[in-house]
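These numbers come from the heavy atoms of this one structure, side chains and all, not from hydrogens, waters or symmetry mates.
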Amino acid sequence: MKANWRERIVIEPAIHHGEPCIKGTRVPVSVIVASIADGDTPQQIIDAWPHLTGADIKAALKFAAEAVNNADFVPIQRTNGR
């Protein structure tokens, strides 16, 4: 059975102002996802934050994917041909 991101991600007001973070750290999910988007490899992220694991990075990506999948996006209504 694959690990659930909920076992690795916490959202608590007292930790990093309630931003989703890797459990037991103050590393926000957004930092991990942004690092991957910028082209960093999981190993580079682990080198920068040695207390993280590959499973933590996967959990952050799964959390982000689920958050986007469940988000309600309102399309921008264009006027005047824009």
Query raised in the report: In chain order, what residues pass the salt bridge (charged side-chain N to carboxylate O under 4.0 Å, His left out) check against R6, with sequence neighbours excluded?
Result: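 R6 satisfies salt bridge (charged side-chain N to carboxylate O under 4.0 Å, His left out) with E66 only.
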
Query raised in the report: After noting the C-alpha distance and the side-chain angles of V68 and F63, does the key distance pass the side chain to side chain contact (heavy atoms under 4.5 Å, CB included) rule?
Result: CA-CA 9 Å; V68 169; F63 174 89; over 6 Å; no

Report task. Report the C-alpha separation of I32 and L52 in whole Å, then their side-chain angles, then the decisive distance to 0.1 Å, and conclude whether the side chain to side chain contact (heavy atoms under 4.5 Å, CB included) test is met. Result -> CA-CA 10 Å; I32 295 170; L52 295 181; 4.0 Å; yes

Heavy atoms, side chains only, cut-off 4.5 Å: are [X] and [Y] in contact?
{"X": "H51", "Y": "V27", "result": "yes"}
{"X": "S35", "Y": "Q44", "result": "no"}
{"X": "I22", "Y": "I57", "result": "no"}

Query raised in the report: How many angstroms lie between CZ in R8 and NZ in K58, if you round to the nearest 0.5 Å?
Result: 10.5 Å

Which pair of heavy atoms, one from [X] and one from [Y], lies closest together, and at what distance?
{"X": "V33", "Y": "A64", "answer": "CG2-CB, 3.8 Å"}
{"X": "R26", "Y": "A14", "answer": "NH1-O, 4.1 Å"}
{"X": "C21", "Y": "P28", "answer": "SG-CA, 3.8 Å"}
{"X": "G54", "Y": "I46", "answer": "N-CD1, 3.6 Å"}

Going hydrophobic residue to hydrophobic residue with side-chain gaps under 4.5 angstrom, can you get from [X] over to [Y]?
{"X": "W5", "Y": "V31", "value": "yes"}
{"X": "I36", "Y": "I9", "value": "yes"}
{"X": "L61", "Y": "I45", "value": "yes"}

Query raised in the report: Going by atom types only, do D56 and T53 share a side-chain donor-acceptor pair under 3.5 Å?
Result: yes

